[in-house]
Structures are given as C-alpha cells and as structure tokens.
Amino acid sequence: MMVLATGCTGDEPDPRGSGGPGGDASSVRIVAGSEQESVVETIVKPWCASKGYHCDVTLKGSVDQARLLAGGSRDYDAYWFASSVFSQLGDKANVLQDVQPMFLTPVVFAGWRSEMQRLGFAGRPDVGIADILRAVESGRTTVWVTNPTQSNSGATVLFGFMNYFAGNGAGTPLSQEQLDSPAVEQGVTRFIAAMDQTPPSTGTLMTECLARPNDCRTMFTYEDLVIEKNQELVKAGKEPLVVAYPRGSLAISDAPLGFLPHDDAGDAAKRKIVRELQEHLLTDAGAQSQLLKLGRRPISGVGLTLENPDLAVFNPDWGIQATINEQGIQYPAAPVIEAALDRYQTRYRRPVNTFYCLDGSGSMASNEGWDGVKAAAHQIFDQDQAALNFLRTHPQDSTTVGIFNRDLVEGTPWVVDGNDEAGLHGLTEKVNAYRPTGGTNMYACLQRAATDLRGPQPGDRRRLVVLMTDGRSESDDRGGAVSALKAMGVPVIAIAFGRDVDAAQLRDVAAATGGAYVQQDDLVAALRQAAGYK
C-alpha cells in the first residue's frame, strides 16, 4: 500500500479515517486504484494544496477496493476505481453517490516494435482477437495479461474475449446464459491457456515485462501506461512498444470516482470537496491538458476521438490512434461479473502446483512476521476468505507448505491436493500452531521444492514456488536448488520482509528462475499478491 498525503500537513492520516463523526471540513480521504498514481501526483495533489484541502489518497488494488466497499469500511470518503468492473462488485449495495467517470483509456494489445512488425500487426488498424490468438497459439510470440480476478486490466480483457466468443457486438453485454454456454466456456479456457504469464497487477506486469523482454514479447495493458513507459524507453534510447486495438472486443477503463456518505455531520463538506475535484478533472482546461499529457482521453470527447492530439504523446509511430471509431464493450451486470471471475479461479485457469517456502526462524517471532504469515494463511487457504479475495483453489491444484529455519522443519512440508476445504483449513491450523525458532536456510526448502515439483504434472498443471524470508540464508549452497528450479522452468516469487532481509539473495533467486521479487512488510498483502500469480 502507498499513502500519498496532500494538502497542508505531512502528518499520517488518522487511522480512524476522516469519515468519522464530524471530521475536518477541509479534509477528505480517497482510496484510488494504483493506476491513478500519476494523475494523483500531477493533478490531484497540486489542486488540493491550492484549495487548502488536506487530501489523503491511498492507492490499492481493485480487489482490495471492492472488499473495503462491500464490507462497509468507513475508512474512506471516496472511491476511485480503475473501471466500472470492480466498482460494480464493490458497490452492489449502491452506497456510492455522485459516481462519475473521470477519463478514458482503452486496453490494448502491445508488444516490442520489432515483435509487432514481425507479427504483421504494426500499423494495422484491424487486428482482431482471432489474429492475436492465432499468433499466440502457433507459438509465434508470448503474451502476458494480468490475473483477471486481481487486476482490472485483466478483467476487462477477459470480458472482451468473452464477448467475442459469445458473438456479441460492442453494445451487447454478456448474459448469464452466454456465460453458461459451451462456446464461451471453451473459448475462454483456450484464451487463458494461451497466456504465458498472469501477474497479479498491471504495474507488476509492466515492470516485469519491460525487465524481461526476451520472455515477455507482447501483453494486454492500458494505452496510457504504454504511453508513459514509451516516453521513458525512448528517452533511454531503447526500443518502444507498439500497440494494436483488438477490433470488435475493445475494452475501455473509465476511472469512476464516487463519494461514500457516512451519515454524519462531516458528509456535506466532504461531498463538496469530492464534487469540486470531479469538476476540476472534467472541466478545468489545465487539468484536461495535464490528463492528455499523461495519455488519458477526456470523457467530454466524442468516444475515443481526440481533437488536435499531441503526437508526441499519442504517437502514431507507437501505433497510438488519436481517432478510434469503435464503441467499447458494455460490461455485464455485477452477478455475471462475479460468476465469471469465480469460474476463472476454479474452471478457466490452468491448475497450479504451488510450493510455499515460509521462513520459520526465531526472528519471525520477535519481529511479528509470523503473525503476518498466520493472517495470510487464513486469507489464502481458508476458502471462505479466499473467495472474498478471488483466490479460490482450483479442483486440480496442489498446495504444499514447507517451513524452514536451519533446515526444513521436521514434519513439513504439508500437502493438500485439490480444493478440499477441510484439508486447506488444516494448513491454516498447522501454520497457527507452529512456533518460530532457529536460524535461516531458505535453500533447504527450495531444494525440497525442486525435488517435489520434478516430473510431469497432471492436466498440464503449472508449477510455482512462493518464498518468504526476513533474513539472510546462512547457507550459500544455492546452486543445486536454484539451478534445478530454473532447469524445470519453475518461477520463484521471492518475498522480502523486514529490515534485516538480504534482498540480493532473493533478487538472485527470482531473476534466475524467471520469477518476481516482492519487497513488502505487509505479509498478508505480499502473500496474497504471490498467490495472485496463479
């Protein structure tokens, strides 16, 4: 989580939230999608300061926002989602008021310029879903997309493909009957199987893809993020990305911002601030100009068409089309969205054999790290909680938990095949019962993971290792374990916790195996993020 405090003080926000009874009339707390970071920094913060308002903006992922809103949280006065997909899931009770979209950005198919030229997509205005699927399924390229249950960009892409397989035009939303149809079921399963990687967030996807250009050749992402990254790439003298707009299945994010009343004396003042912010973003010439420079398309335009676009931003050499004469898909009703995301977890995605290597050394007790592990186990393994996080276990998954200190802790690893709720809850109980002690040797657990994950997997099951530690491994015997995992193509998601962690060791393991490095002191968030790689 990142907290951006704007306005007249630099103090931490009141943990009770400005939405408490009464509250400060010049203060408002907003929870926003991480996609809005550049808009917050460039436009919202200066505007709040100029008005004398104290605006606390907390960046969270789509799932966290939806959970907070649906759960009745009073910590925030306004919610700013990336798009209406997850806002519908969070606001099923229709508690948000004055909800308005702030700007538009289409979800595009993007790849390195040389790759898009080789595929024949560069400069083409008519690249369709069928073209992209043929390119991927034939092995001509690799493509990444975010996990649809964890990220808005992945969810919007998913519904674009669903509309395509259902045979719907852009103005016809997916129905429950169509979701139940063999055409959609088989098509979506085919689509998901074609994806090479499914990181849990758009920011993670962009960072990892750009860092691993040989592995990530193409991806589905937001147009505005391609523009932002291309400006950085070109400045550094590197190859830019080129985009194509999936014809007939164009998904658009609309960044809806709405006020959450708390039914107290502070509502009127806070609602006024939110309305003023909306008005500023939607109508102020300076704000509109800044949004355009950030690659956001204004709501006030005709569809996605721009008048007199800045070609240094909406650059045609990058495949950016200033004029898009196509309607974006209409998203389905909330029950259909929820059903589709539920089926992604348990039916559409490839099953995964996940091996958790958790640091159970003595320091994990003194720094309260094990408390975080226990809370995360409840969130991930207990299926009632996993359902709230859109992280349910697939019937063909295998889940293994190993705890290490100076060696692999006796009695571990524990294994649960499938999605048996009692068995998975048993993992939570065993994690809760463990008491941290001893030193640290993460390579012992990685070696066991390599041994257990060796060999063919049933049902084309993927393999994944999630490693978490708060220190430096006392053993330097990394070669055998890491080499074995690399040779098998098993990525390691390496989580660094606490001040004493050896980040270099974890980065080395993640880089060597094609995994990811996560620096996060909120272990619940970190382990949920790692689980989102499924």
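For Glu137 (side chain) and Ala194 (main-chain N/O), no donor-acceptor pair under 3.5 Å exists by modelled atom type. The main-chain N or O of Gln321 is found under 3.5 Å from a side-chain atom of Tyr245 such that the two form a donor-acceptor pair.
Considering only residues two or more places apart in sequence or on other chains, Thr105 meets the side-chain contact (heavy atoms from CB on, under 4.5 Å) condition with Tyr222, Glu223, Asp224, Ser253. Ser62 pairs by the side chain to side chain donor-acceptor pair (under 3.5 Å) definition with nothing, not counting sequence neighbours. For the salt bridge (charged side-chain N to carboxylate O under 4.0 Å, His left out) test, no residue two or more places apart in sequence or in another chain qualifies with Arg113. Applying the side-chain contact (heavy atoms from CB on, under 4.5 Å) test to Asn230 and every residue at least two apart in sequence or in another chain returns Val226, Leu233, Pro240, Leu241, Trp318. Residues passing the salt bridge (charged side-chain N to carboxylate O under 4.0 Å, His left out) test with Lys238, sequence neighbours excluded: none.
Among residue pairs with one or both ends in residues 324-339, those qualifying as salt bridge (charged side-chain N to carboxylate O under 4.0 Å, His left out) are Lys92-Glu338, Arg247-Glu326; sequence neighbours excluded.
Val145 approaches Pro199 most closely through the heavy-atom pair O-CD, 3.5 Å. Across every non-hydrogen atom of Leu174 and Ala166, the tightest pair is CD1-CB, 3.8 Å. When every heavy atom of Val157 is checked against every heavy atom of Phe191, the shortest pair comes out as CG1-CZ, 3.7 Å. In terms of heavy atoms, Tyr533 sits closest to Glu208 at OH-OE2, 2.7 Å.
With hydrogens and angles left out, the side-chain atoms of Asn152 and Glu35 include no donor and acceptor closer than 3.5 Å.
Applying the ring pair (Phe, Tyr, Trp, His ring centres under 6.0 Å) test between Phe109 and each of Phe220, Trp144, Phe161 identifies Phe220 as the sole match.
Separation of atoms CZ (Arg296) and CG (Leu281) is listed at 11.0 Å; rounding is to 0.5 Å. In this structure, CZ on Arg528 lies 4.0 Å from CG on Asn389, to the nearest 0.5 angstrom. Taking CD1 of Ile132 as the reference point, atom CG of Leu119 lies at 10.0 Å (rounded to 0.5 Å).
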